[in-house]
Amino acid sequence: MYLSSLVTLTFPCTPIRHLCVLLKVCKHCNWTAKGRSVHLLAVQKRTSSREHRVYGCLSNSGSCQSYLDFQWNRHHCTEHGQVRVRFAPSPTGFLHLGGLRTALYNYLFARKYGGSFILRLEDTDQSRLVPGAAEAIEDMLEWAGIPPDESPRRGGPRGPYLQSERLGLYAEAVAALLETGHAYRCFCSAQRLELLKREAHRRGETPRYDNRCRHLRPEQLSERLSRGDPHVVRFRLEPAGDAAAFQDLVFGHNLHEVALVEGDPVLLKADGFPTYHLANVVDDHRMGVTHVLRGVEWLISTSKHLLLYAALGWRPPAFGHLPLLMNRDGTKLSKRQGDIFVQSFAHKGALPEALLDMVTNCGSGFASNRMGRTLDELVAEFNESKITTHSALLDLDKLPEFNRIHLLHRIEDVARCRHLVEELREAITQTFGSQIQEQDVLEEGYIRRVLHLRKGHISSLRELVTPTYAYLWIRPAVSQQQLQAVTLEAAAIVTLVIELMEAGHGKELSTEWLGAELKAVAKRVKSTKYSSVMKLLRLALSGQQQGPSVAEMMVSLGNGETCQRLQKVLQHR
């Protein structure tokens with residue numbers, strides 16, 4: 001596997017003076033070559049910037065064997081260097097799947113380009129805050145395996161990361177806008193605004209503020225301020241043309257002439273707290289955010305935000321708006337559904353990597369979709385240029401299959417399997433408690449053996465403590481009548497199987513060997529069919545008529561426990 005040396009080209013790619021860097025990547029493994037500027041590269045190699053030199057692929061997996069088919073990928077950076085992205089939810093509710101996907105795409109973008117992923121909580125709407133939601137959002141990001149680099153909990157160089165603790169910054173920005181005439185104080189009462197809204201509805205128009213207070217004379221303004229009249233601060237919208245145009249990373253060229261369809265928006269509320277429009281602009285600038293990847297519902301507001309950046313004299317970040325995450329039938333995911341919150345999936349036993357796999361599998365951002373991708377693979381395969389404008393249709397019925405695949409991967413990983421053993425041991429103890437006759441079932445070797453035999457068959461550890469698998473942890477109570485209802489040769493069959501197990505004592509049991517030997521045992525029985533022999537043994541070992549193969553049950557239980565359970569059949573003759 002060989003890779004041409006990196007040739008990096010920089011050029012202005014958008015009107016907002018961000019730079020793009022073209023990176024050479026491997027089409028087979030998606031490993032991205034990291035490198036230096038074209039000028040430094042040419043000087044060091046004493047070649048022109050267009051010449052190529054062959055290098056080996058440095059992919060972490062090391063699995064690429066074929067020769068590389070070259071391709072270019074565009075890497076977004078800024079004149080200031082490191083990529084910085086943010087996830088900025090409002091703690092007016094708990095993290096749901098749509099928010100998780102937005103956070104994940106920001107995380108993937110940051111990791112893909114060696115940048116920083118920031119969590120900022122937009123808690124300025126104090127009346128709608130949900131107790132515990134702020135902590136729960138960060139808890140769920142950590143649970144999902146995509147923890148922020150900077151956050152309210154972790155801190156960082158650009159904090160604080162709660163908007164309610166940044167009020168001084170917003171006041172400073174508002175003062176600058178008032179000074180330059182880009183903002184003004186509005187004293188309109190809530191009652192007047194409500195009347196404007198009703199009148200607009202009566203005429204079949206979209207409600208908008210009529211900009212009345214932007215025309216207040218200086219003496220009127222002084223008088224109202226001297227009386228201490230409550231007021232808000234509004235942004236003066238003007239027809240902007242190209243100043244409000246931008247090249248969205250997903251939706252392409254966009255321009256929304258907000259001044260033609262909207263009234264002047266509120267920037268600072270009467271309680272001193274900012275609105276979203278002001279706070280997100282100030283915070284993104286102050287925190288050095290280079291790329292804003294957020295939901296498509298904010299696409300129409302971006303031109304307004306660009307006008308704010310221009311009024312403050314700040315360089316805006318690049319914007320990319322992510323298409324909606326919707327139900328399989330095309331309806332919008334709703335918090336009222338109650339089952340779309342990440343916490344509920346965690347409580348039900350969903351694996352975080354399965355949830356991440358599912359919400360990326362149903363959408364775009366990758367050259368191809370396949371089930372079973374790990375987080376590292378998602379980072380390696382993520383390509384923002386592949387994000388489409390089409391909504392992602394989420395089929396929650398597929399989650400068990402995603403969980404099954406990722407649970408299998410965990411079981412096959414020695415270190416991660418050890419954690420599964422501990423988790424399952426705790427669940428066994430809580431579920432069965434004093435019913436457990438033999439403490440051997442809590443030993444690591446026994447539990448690990450069960451996990452390996454059931455991998456690929458179960459979607460959650462919780463399945464293993466349901467009644468279906470209770471036989472693994474407690475001995476079943478089976479009556480003589482139940483056994484005789486299957487066959488009158490129960491004692492003879494059990495005797496033959498005990499002899500088989502005693503003959504194999506000391507050797508490692510396998511389902512293949514036992515499967516073949518049990519067929520041989522069935523041939524030695526006079527009048528009982530093979531299927532009835534298996535039914536009898538399953539009943540004696542598990543107390544159930546369905547479940548894994550009898551051979552697997554015997555391997556799971558082990559030689560000694562299998563014989564002990566079969567001996568009970570002979571004792572009740």
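Position 1 is the first residue of the sequence, and the numbers go up from there.
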Heavy atoms from other residues, nucleotides or ligands near CD of Q126 exceed 12 (cutoff 6.0 Å): yes

Between S164 and D123, a side-chain donor and acceptor under 3.5 Å: yes

Salt bridge R154-D149, side-chain N to carboxylate O under 4.0 Å: no

Basic-acidic side-chain contact under 4.0 Å: R120, E122: yes

R166 side chain to Y161 side chain, donor-acceptor N/O pair below 3.5 angstrom: no

No-hydrogen, no-angle side-chain donor-acceptor test under 3.5 Å, Q163 and D283: yes

Heavy-atom side-chain proximity of R404 to K455 below 4.5 angstrom: no

Donor-acceptor side-chain pairing of T302 and R294 below 3.5 angstrom: yes

Lys/Arg N to Asp/Glu carboxylate O, E238 vs R214, below 4.0 Å: yes

K304: partners by salt bridge (Lys or Arg N to Asp or Glu O under 4.0 Å), with sequence neighbours left out: E262

Centroid separation F109 to Y113 less than 6.0 Å: yes

Ionic contact status for E381 with R373, cut-off 4.0 Å: yes

Donor-acceptor contact below 3.5 Å, side chain N383 vs main chain F366: no

Test applied, ring pair (Phe, Tyr, Trp, His ring centres under 6.0 Å); reference residue, W298; option that passes from Y276, F251, F319: Y276

Validation row, ring centre Y105 to ring centre F382 under 6.0 Å: yes

